Amino acid sequence: MNVLEQTEETLKQEIADAAIQANLASKEELPDIVLEKPKDKSHGDFATNIAMQLARIAKKAPRQIADDIVANLDKAKVSVEKVEIAGPGFINFFMKDDFLGEIIPTILKSDKEYGKTNIGNGEKVQVEFVSVNPTGDLHLGHARGAAYGDVLCNVLDAAGYNVEREYYINDAGSQIDKLANSVEARYLQELGQDAEMPEDGYHGQAIIDIAKKLVAEYGEEWATKEQDERIAFFKEFGLQSSLENIKMDLKEFRVEFDNWFSERSLYKENKIPGALKKLEEGNYIFEQDDATWFKSTAFGDDKDRVLVKKDGNYTYLTPDIAYHKDKLDRGYDQIINVWGADHHGYVPRMRAAIQALGYPVEKFDVKIIQMVNLFEGGEKIRMSKRTGKAVALRDLIEDVGVDAARYFFVTRSNDSQLDFDMDLARSQSNDNPIFYVQYAHARICTMLEQAQNKGLGSGEVYDVSLLTAEKELDLMKKLGEFPQVVSDAAVKQTPHKVTQYVFDLATLLHSFYNAEKVLDQDNIERTNARIALMKAVRIAIRNALGLIGVTAPEKM
RNA sequence: GUCCCAGUAGCUCAGCAGGAUAGAGCAACAGCCUUCUAAGCUGUGGGUCGGGAGUUCGAAUCUCUCCUGGGACGCCA
């Protein structure tokens, strides 16, 4: 537990005791005390609305209740400067400045660990994300899912969850056949033959590159072979090449997985019939029109779903059900899937499947990532997977860099669409939030370097009580919030809160920097205290950027 | 037609486990570099939180309804 949390806990306890002592409510009746940090400084450092909440129970006016609570408060136990009652019955607490005193020493001591919490309590969480079909390049939409999933995992990890990252490789369905056919057509075209791309094939550049690679390695060898043999070979070649590309792109994007789960392994290990059998035991299977159906409507789905097609093949859903069964059998407390918005309609049937298999549906969670719209020169760039004109992740990285791309993708809530402004992401100006934040870090590094050159603040001796300027207090309060921000982002699965936080912290740093001078030969005491503050800010920025997967440069 | 997401300042978006006078960035306007990085800072203007009803002491936040935009509704994946 960090310093601010401890102060809050003590304060909450005091308020609860005071309320009971004033006979406003019994221990059982008393609601949880909520402490908030008022936006307006004139409302103090903490505020509680307990008086309003107790109005009905105590059958008294809120302001009267607030009076009673304040009268019974033992101010000696917490470092409260003064207490005020305001508005409809808020109780505002103004703390003595020294309540911030422990923040800086705590941060400097925790260093890389600062921000970590144990709210997850070691709970096992698995996050499956990206999981793009190995039939082409990763593009913009996938990139957002990749950034979201990765940062979510970082945040969960920091908040004390036991996280695993997994990628589901669709290497068994009909899309792989399409891939083989597409590769074949491109291969023959490379050799100057008059081959036609299948209507429903993959038209992207990636397939052409694979064909070129084939020609480079095998020449015309495969043109003369039996088609069956050729297709079989191209299927594997295409699959492996695509997978390699995807892995390479993700690695460059700083996304690494613990598991790469192959759909084929479900076939090999006979897991699909097992899942079907389980469904059958629950009477959720029926035959109709020569197909096998899953009665997903029993769990609120719009319509029932086909599992085994008329032609005897599984639909996409069937191995996916087996896959989710497998995941749940691995003993995670929670499995989170990160899906694109175009797959949201798939959620009810998978939820139905989880329930039909007899698992608690609360363990299954889907995060939907809304679309990304790319803007350049004020105009929207349309993307389409079919025509192959989608903007590839690789191109995006080359253009704006990994830092800017990752940062931009986790600036917004996952369920808001995202307008990605290429010009802004590229710009080396104060308009660009990633540069703004990184600049704050670099600025601190420069100051600390100079401090060292001048022989200032090198020791462990500093007196934080000298930090009384408003901007110093603001910085310390913000620093103290970091662990709560991490917990909040993890629990609510909203990694963009970290991005917002680090931006706000950078703002306070820049503001402080312009208002106060850190290195002052004529005031060594204060200089040492400020250097300690700067070190603490640097740690918080670095750790926050680390969670987002963005570098913290020392010079810019 | 059904389902999902969104609708908050001129633009892009936070805020949505109900709390005080609704925030940030950009854009606009006015200022700040003999001082640790001006990739920075300070200030000003700007809002019927899509409309309406309800619950509540209190609603941008919860419920219902309507409108607008985007997406999804295959024996595709």
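What you see is a predicted model, and the numbers here were worked out from it, not measured in a lab. Below, chains carry the letters A, B, ... as their sequence lines are ordered, and counting in each starts from 1.
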**Q** My understanding is that a pair needs two contacts under 3.5 Å, Watson-Crick or G-U wobble. By that rule, which nucleotide pairs with B/G47?
**A** none

**Q** Are A/Asp177 and A/Lys235 close enough for a salt bridge, meaning some N to O gap below 4.0 Å?
**A** yes

**Q** Using both distances under 3.5 Å as the test, list the Watson-Crick or G-U wobble partner of B/U63, or none.
**A** B/A53

**Q** Using a 4.0 Å heavy-atom cut-off across all strands, classify A/Ala47 as base, sugar-phosphate, or nothing.
**A** base

**Q** Between A/Lys271 and A/Asp326, does a salt bridge (charged side-chain N to carboxylate O under 4.0 Å, His left out) hold up when you go through it step by step?
**A** CA-CA 8 Å; A/Lys271 295 236 166 102; A/Asp326 182 79; 2.9 Å; yes

**Q** Report the base-pairing partner of B/A24 (Watson-Crick or G-U wobble, both distances below 3.5 angstrom), or none.
**A** B/U12

**Q** Determine the contact category for A/Gln450: base if any of its heavy atoms lies under 4.0 Å from a base atom, sugar-phosphate if only primed atoms, P, OP1 or OP2 are that close, otherwise nothing.
**A** sugar-phosphate

**Q** Base, sugar-phosphate alone, or nothing: which one does A/Asn432 contact when heavy atoms must sit under 4.0 Å apart?
**A** nothing

**Q** Drop me the distance from A/Leu509's CG to A/Asp474's CG, to the nearest 0.5 angstrom.
**A** 12.5 Å

**Q** Would you classify A/Val491 as touching base, sugar-phosphate or nothing, given that sugar-phosphate means primed atoms plus P, OP1 and OP2, and contacts are heavy atoms under 4.0 Å?
**A** base

**Q** Tell me what A/Tyr436 touches on the nucleic acid: a base, only sugar-phosphate, or nothing, going by heavy atoms under 4.0 Å.
**A** sugar-phosphate

**Q** Using the C1' atom in both, what is the distance from B/A6 to B/G45, to the nearest Å?
**A** 29 Å

**Q** Can you tell me which nucleotide in B/U2, B/C75, B/A6 comes closest to the side chain of A/Ala291?
**A** B/C75

**Q** May I ask you to verify if any side-chain N or O of A/Tyr346 is less than 4.0 angstrom from the OP1 or OP2 atom of B/C73?
**A** no

**Q** Could you tell me whether the side chain of A/Leu11 reaches within less than 4.5 Å of the side chain of A/Phe46, counting heavy atoms only?
**A** yes

**Q** What integer distance in Å separates A/Phe408:CZ from B/C13:P?
**A** 13 Å

**Q** For a quick check of understanding: with a heavy-atom distance under 4.0 Å over all strands, which category does A/Ser174 fall into, base, sugar-phosphate or nothing?
**A** sugar-phosphate

**Q** Expressed in whole Å, how much space separates the P atoms belonging to B/U56 and B/G69?
**A** 35 Å

**Q** Within less than 4.0 Å of OP1 or OP2 of B/G15, is there a side-chain N or O belonging to A/His496?
**A** yes

**Q** Which whole number of Å gives the distance between the P atom of B/U63 and that of B/U55?
**A** 15 Å

**Q** Taking atom C1' in both B/A14 and B/G31, what distance in whole Å separates the two?
**A** 28 Å

**Q** Name the pairs: protein N/O against N/O of nucleotides 26-33 of chain B, kept only if under 3.5 Å.
**A**
none

**Q** Tell me: CG of A/Asp320 to C1' of B/C76, nearest whole Å?
**A** 14 Å

**Q** Taking any heavy-atom pair under 4.0 Å as a contact, classify A/Ala55: base, sugar-phosphate, or nothing.
**A** nothing

**Q** Please measure how far the P atom in B/U48 lies from the corresponding atom in B/A60, and state the result in whole Å.
**A** 14 Å

**Q** With rounding to whole Å, what would you report as the distance between B/G15 and B/G54 at their C1' atoms?
**A** 24 Å

**Q** Using only side-chain N and O atoms of A/Arg349, determine if any of them is under 4.0 Å from OP1 or OP2 of B/C73.
**A** no

**Q** Please report the distance separating the C1' of B/C4 from the corresponding atom of B/C11, rounded so that it comes out in whole Å.
**A** 26 Å

**Q** Considering every strand and a 4.0 Å limit on heavy-atom distances, what is the contact class for A/Glu516: base, sugar-phosphate, or nothing?
**A** base

**Q** Students often get this wrong, so: under 4.0 angstrom with heavy atoms, is A/Asp421 touching a base, only sugar-phosphate, or nothing?
**A** nothing

**Q** Taking syn as a glycosidic torsion within 90° of 0 and anything else as anti, which one is B/C29?
**A** anti

**Q** Send over the distance from A/Gln417 CD to B/U12 P, rounded to a whole Å.
**A** 11 Å

**Q** A/Asp301 has an atom CG; how far is it from atom P of B/C73, in whole Å?
**A** 13 Å

**Q** Have a look at A/His344 and say if it touches a base, only the backbone sugar-phosphate, or nothing, with a 4.0 Å heavy-atom cut-off.
**A** base

**Q** Are A/Phe503 and A/Tyr436 an aromatic pair by the rule of ring centers under 6.0 Å?
**A** yes

**Q** Base, sugar-phosphate, or nothing: which does A/Asn170 touch, judged by heavy atoms less than 4.0 Å apart?
**A** nothing

**Q** Find which nucleotide of RNA chain B each of A/Pro38 and A/Arg412 is nearest to by heavy atoms, and output the residue with the more 5' nucleotide.
**A** A/Arg412

**Q** Reading RNA chain B from 5' onward, which residue's closest nucleotide shows up sooner: A/Glu554 or A/Asn414?
**A** A/Asn414

**Q** Rounded off to whole Å, could you give me the CH2-to-C1' distance for the A/Trp339 and B/C4 pair?
**A** 13 Å

**Q** Work out how far the C1' atom of B/A30 is from that of B/U34, and round it to whole angstrom.
**A** 24 Å

**Q** Please state whether the rings of A/Phe420 and A/Phe408 are parallel, tilted or perpendicular, taking 30° and 60° as the class boundaries.
**A** tilted

**Q** The side chain of A/Asp302 lies closest to which of these nucleotides: B/U2, B/U21, B/G19?
**A** B/U2

**Q** For B/G31, what is the paired nucleotide under Watson-Crick or G-U wobble rules, both distances under 3.5 Å?
**A** B/C41

**Q** Give one of base, sugar-phosphate or nothing for A/Ala442, where a contact means two heavy atoms less than 4.0 Å apart.
**A** base

**Q** Take the protein atom OH of A/Tyr501 and the nucleotide atom P of B/G15, then report the distance between them rounded to whole Å.
**A** 17 Å

**Q** In whole Å, what is the span from the CG atom of A/Asp423 to the C1' atom of B/U12?
**A** 14 Å

**Q** Measure from NZ on A/Lys303 to C1' on B/U2 and round the result to the nearest Å.
**A** 9 Å

**Q** Please confirm whether A/Lys471 makes a cation-pi placement over A/Phe512, using NZ or CZ under 6.0 Å from the six-membered ring centre and within 45° of the ring normal.
**A** no

**Q** Looking at A/Ala425, is its backbone amide N or carbonyl O close enough to the side chain of A/Asn432 to form a donor-acceptor pair, meaning the two atoms are under 3.5 Å apart?
**A** yes

**Q** Considering every strand and a 4.0 Å limit on heavy-atom distances, what is the contact class for A/Asp289: base, sugar-phosphate, or nothing?
**A** base

**Q** May I ask which nucleotide in the shown strands pairs with B/C36, Watson-Crick or G-U wobble, both distances under 3.5 Å?
**A** none

**Q** Is it the case that the side chain of A/Ser413 and the backbone of A/Asp415 share a donor-acceptor pair, with hydrogens and angles ignored and the cut-off at 3.5 Å?
**A** yes

**Q** What's the separation between atom OG1 in A/Thr315 and atom CD1 in A/Ile321, rounded to the nearest 0.5 Å?
**A** 7.5 Å

**Q** Looking at B/A20 and A/Phe90: do their rings stack (centroid distance under 5.5 Å, interplanar angle under 30°)?
**A** yes

**Q** Are any of A/Lys309's side-chain N or O atoms less than 4.0 Å away from OP1 or OP2 of B/C76?
**A** yes

**Q** Report yes or no: is the cationic atom of A/Arg443 (NZ for Lys, CZ for Arg) under 6.0 Å from the centre of the six-membered ring of A/Tyr513, at an angle within 45° of the ring normal?
**A** yes

**Q** For B/C13 and A/Thr411 - does any side-chain N or O of the residue sit under 4.0 Å from the phosphate oxygens OP1/OP2?
**A** no

**Q** Any chance the rings of A/His496 and A/Tyr148 have centres within less than 6.0 Å?
**A** no

**Q** May I ask you to say what A/Phe503 touches in the nucleic acid, namely base, sugar-phosphate or nothing, with a heavy-atom cut-off under 4.0 Å?
**A** sugar-phosphate

**Q** Does a side-chain N or O from A/Lys497 land closer than 4.0 Å to OP1 or OP2 of B/G15, or not?
**A** yes

**Q** For B/A14, does OP1 or OP2 lie under 4.0 Å from any side-chain N or O of A/Ser416?
**A** yes

**Q** With both distances under 3.5 Å as the test, what is the Watson-Crick or G-U wobble partner of B/G1?
**A** B/C73

